[in-house]
Q: 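Would you mind keeping the following structure in view while I ask a few things?
Letters A, B, ... are given to chains in the order of the sequence lines, protein chains preceding strands, and every chain is numbered from 1.
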Amino acid sequence: MRFSIEKTVGRARAGLLETPHGIVKTPFFMVVGTAASVKGMTIEQLRSAKTQVVLANTYHLAVRPGSEEVQKRGGLAKFMGWNGPTLTDSGGFQVFSLAKKRKVTPEGVRFNNHIDGKELFLTPERAVEIQQDIGADIMMCLDECPPAKAPRDEIRKSMLLTHAWAKRCRDKWAENPGAQALFGIAQGALFEDLRKESAEYLASLDFPGYAIGGVAVGEDTPDIRRIVDFTAPLLPADKPRYRMGVGTPADLIAGVRAGVDMFDCVMPTRHARHYQAFTRTGPINLKNACYAEDDGPLEEGCDCETCRSVTRAYVRHLALLGELMASVWVTIHNVRFYLRLMEDLREAILAGKFEERAAGLYMG
RNA sequence: GCGAAAAUAGCUCAGUUGGUUAGAGCGUCUGACUGUGGCUCAGAAGGUCGUGGGUUCGAAUCCCAUUUUUCGCC
């Protein structure tokens with residue numbers, strides 16, 4: 001996987017990432033499609049929103065339909081009809097989100113899956129194998145994602161486990177690297193010395209890319225910003241940096257400013273299903289009574305299909321009825337909103353005017 | 001016309017042998033959501049208990065009258 005930086009402004013960078021399924025312009029936002037589906041959007045709609053990369057999840061695909069099944073169908077990108085660049089998260093986040101259904105040992109994570117309770121034993125090696133079957137362009141190391149507020153000794157212990165797993169993942173991947181890339185994940189919660197230790201250790205393993213993990217697991221926004229700000233420069237400058245699971249439009253701008261190249265978050269799609277639309281002046285809840293007679297688009301000046309087709313009043317009407325299309329219309333808008341924000345940030349960097357323009361891109 | 005049943009939140013209904021500020025679901029309103037099990041979760045507003053009398057220390061609850069609705073019978 002080749003990564004080239006075209007332009008740098010301060011720490012912010014714009015570049016190109018070459019994947020087996022196409023060249024991706026950085027910085028970019030990945031749309032979350034956990035189970036090989038972006039909830040509420042067709043492939044055509046994803047393309048029309050100018051999606052670059054779709055993210056799916058190892059744990060969920062391993063549970064259903066099974067990684068071999070995805071492989072037999074031609075791999076993730078083909079299976080879901082997307083045929084573009086993809087990334088799979090390793091299942092590390094499910095260590096956090098499905099905490100009641102798993103047990104962590106030095107060997108790996110034992111899940112009792114949420115569908116039929118059957119056991120899924122995810123070792124670092126197995127996580128790589130499964131992701132190789134699934135076939136995403138970028139695979140993630142298995143990591144342990146502890147709650148941000150856990151005590152320091154727990155965080156450090158967990159970080160060391162993640163390091164051991166990162167090495168095992170890399171060794172497994174190195175046996176037969178193929179075209180797929182494998183990214184390491186730095187942990188360390190809110191402790192700067194641990195973050196530094198983690199970044200340095202992972203860098204020594206020489207991954208094609210690096211992620212800042214353990215953000216978006218219960219911390220406050222200022223803490224997320226501080227840690228990303230602190231950690232990003234510690235990761236190798238010539239490799240893509242991926243801030244996992246974050247966040248709001250303002251978080252994305254802060255991340256790009258800190259030198260992060262890749263983002264993903266459920267926010268645009270999940271919030272859309274709850275009828276919250278993003279706009280450059282902040283999010284709006286379309287169920288609110290004040291939109292009952294609003295004949296304007298979700299966002300003035302937006303080029304998405306939703307804003308070209310329907311009004312706030314209409315979407316509110318659908319939302320109050322719980323109509324499926326209410327979620328769909330808002331999802332299309334929110335995804336395009338996020339992608340357009342990233343496009344604008346990239347253009348600002350290429351123009352050498354990141355700070356001048358960034359301030360005007362989101363005033364939420 | 002006669003008889004019976006019912007009347008409690010916007011809607012559908014709970015409400016023990018009379019006993020503090022009358023509850024629920026849905027709807028409405030508002031908020032939350034950050035590497036997605038879950039179009040989910042949380043909160044708020046909203047009622048002179050059909051009306052008028054009476055009994056009682058105290059009535060949505062018991063009694064009388066009245067209005068409306070539903071069902072049945074002439």
Q: What integer distance in Å separates A:H271:NE2 from B:G31:P?
A: 13 Å

Q: Can you measure A:R273 atom CZ to B:C41 atom P for me and round it to whole angstrom units?
A: 14 Å

Q: For A:L55 and A:E323, find the nucleotide of RNA chain B closest to each by heavy atoms; which residue's nucleotide sits nearer the 5' end?
A: A:L55

Q: Hey, does A:L87 reach any base, or is it just sugar-phosphate, or nothing, if we go heavy atoms under 4.0 Å?
A: nothing

Q: Any side-chain N or O of A:K39 below 4.0 angstrom from OP1/OP2 of B:G38?
A: yes

Q: Decide yes or no, distance alone: a donor-acceptor N/O pair under 3.5 angstrom between the base of B:C33 and the side-chain of A:H274.
A: yes

Q: Measure the distance from CG on A:L120 to P on B:G37 and round it to the nearest whole Å.
A: 14 Å

Q: If I take atom OH in residue A:Y275 and atom C1' in nucleotide B:C33, what distance separates them, rounded to the nearest angstrom?
A: 14 Å

Q: Quantified in whole Å, what is the C1' atom distance between nucleotide B:U28 and nucleotide B:A9?
A: 12 Å

Q: If I take atom CZ from residue A:R243 and atom CD1 from residue A:I212, how far apart are they, to the nearest 0.5 angstrom?
A: 7.5 Å

Q: Whether A:T34 contacts B:U36 is assessed here as follows: a side-chain N or O lying under 4.0 Å from the phosphate OP1 or OP2. Is that the case?
A: yes

Q: Under the salt bridge (charged side-chain N to carboxylate O under 4.0 Å, His left out) test against A:D261, which residue among A:R13, A:R241, A:K239 passes?
A: A:R13

Q: Would you mind telling me which of B:G37, B:U36, B:G31 lies closest to the side-chain atoms of A:N285?
A: B:G31

Q: For B:C62 versus B:G72, give the span between their P atoms, rounded off to a whole number of Å.
A: 27 Å

Q: With side-chain contact (heavy atoms from CB on, under 4.5 Å) as the test, pick out the partner of A:Q276 among A:M267, A:R270, A:H271.
A: A:H271

Q: Identify whether any heavy atom of A:N57 sits under 4.0 Å from a base atom; if not, whether one sits that close to sugar-phosphate; answer base, sugar-phosphate or nothing.
A: sugar-phosphate

Q: Looking only at atom P, what distance separates B:C33 and B:G10, rounded to whole Å?
A: 33 Å

Q: In whole Å, measure the gap between the C1' atoms of B:A22 and B:U68 for me.
A: 24 Å

Q: Between A:E69 and A:K72, is there a side-chain N and carboxylate O pair less than 4.0 Å apart?
A: yes

Q: Kindly say if A:T269 contacts the phosphate of B:U36, meaning a side-chain N or O under 4.0 Å from OP1 or OP2.
A: no

Q: Whom does B:A5 pair with, Watson-Crick or G-U wobble, provided both distances fall under 3.5 Å?
A: B:U69

Q: Show me the protein contacts with nucleotides 27-30 of chain B, counting only N or O atoms at under 3.5 Å.
A:
from  : atom 1 : to     : atom 2 : distance (Å)
B:C29 : OP1    : A:R316 : NH1    : 3.0
B:C29 : OP1    : A:R316 : NH2    : 2.8
B:U30 : OP1    : A:A289 : N      : 3.2
B:U30 : OP2    : A:N288 : OD1    : 3.3
B:U30 : OP2    : A:A289 : N      : 3.2

Q: Mind checking the CG-CG spacing from A:D137 to A:L76? Nearest 0.5 Å is all I need.
A: 9.0 Å

Q: Sticking with atom C1', work out how far B:C41 lies from B:A5, rounded to a whole angstrom.
A: 42 Å

Q: What is the base-pairing partner of B:G31, counting Watson-Crick and G-U wobble geometry with both distances under 3.5 Å?
A: B:C41

Q: How many whole angstroms separate atom CE of A:M267 from atom P of B:C39?
A: 17 Å

Q: Across the strands shown, which category fits A:E219 at heavy-atom distances under 4.0 angstrom: base, sugar-phosphate, nothing?
A: nothing

Q: Is A:Q94 close enough to B:U36 that one of its side-chain N or O atoms is under 4.0 Å from OP1 or OP2 there?
A: yes

Q: Under 4.0 Å, heavy atoms only, any strand: does A:T221 hit a base, just the sugar-phosphate, or nothing?
A: base

Q: Please report, rounded to the nearest Å, how far the P atom of B:A32 is from the CZ atom of A:R270.
A: 15 Å

Q: Other residues, nucleotides and ligands only: do more than 12 of their heavy atoms fall within 6.0 Å of CZ on A:R64?
A: no

Q: Taking NZ from A:K101 and P from B:G38, how many angstroms apart are they, rounded to a whole number?
A: 13 Å

Q: What's A:T248 touching, base or sugar-phosphate or nothing? Going by heavy atoms closer than 4.0 Å.
A: base

Q: Going by the salt bridge (charged side-chain N to carboxylate O under 4.0 Å, His left out) test, name the single residue among A:R168, A:R170, A:K167 that passes it with A:E125.
A: A:R168

Q: Salt bridge or not between A:R126 and A:E107? Use side-chain N to carboxylate O under 4.0 Å.
A: no

Q: Taking atom C1' of B:A32 as reference, at what distance in whole Å does atom CG of A:L286 sit?
A: 16 Å

Q: Report whether A:M262 and A:Y210 are members of the same hydrophobic cluster (ILVMFWY, side-chain heavy atoms less than 4.5 Å apart, transitive linking).
A: no

Q: Please measure how far the C1' atom in B:U17 lies from the corresponding atom in B:A59, and state the result in whole Å.
A: 14 Å

Q: So which nucleotide does B:C49 pair with, by the Watson-Crick or G-U wobble rule with both distances under 3.5 Å?
A: none

Q: For B:A22, which nucleotide is its Watson-Crick or G-U wobble mate, given both distances must be under 3.5 Å?
A: none

Q: If we take the C1' atom in both B:G18 and B:C63, what is their distance in whole Å?
A: 13 Å

Q: So which nucleotide does B:A60 pair with, by the Watson-Crick or G-U wobble rule with both distances under 3.5 Å?
A: none

Q: First locate atom CZ of A:F183, then atom CH2 of A:W173, and finally report the distance between them rounded to the nearest 0.5 Å.
A: 9.5 Å

Q: Using the C1' atom as the point on both nucleotides, what is the distance between B:U66 and B:A7, in whole Å?
A: 13 Å

Q: Checking all strands, does A:G214 fall into the base, sugar-phosphate, or nothing category for heavy-atom contacts under 4.0 angstrom?
A: base

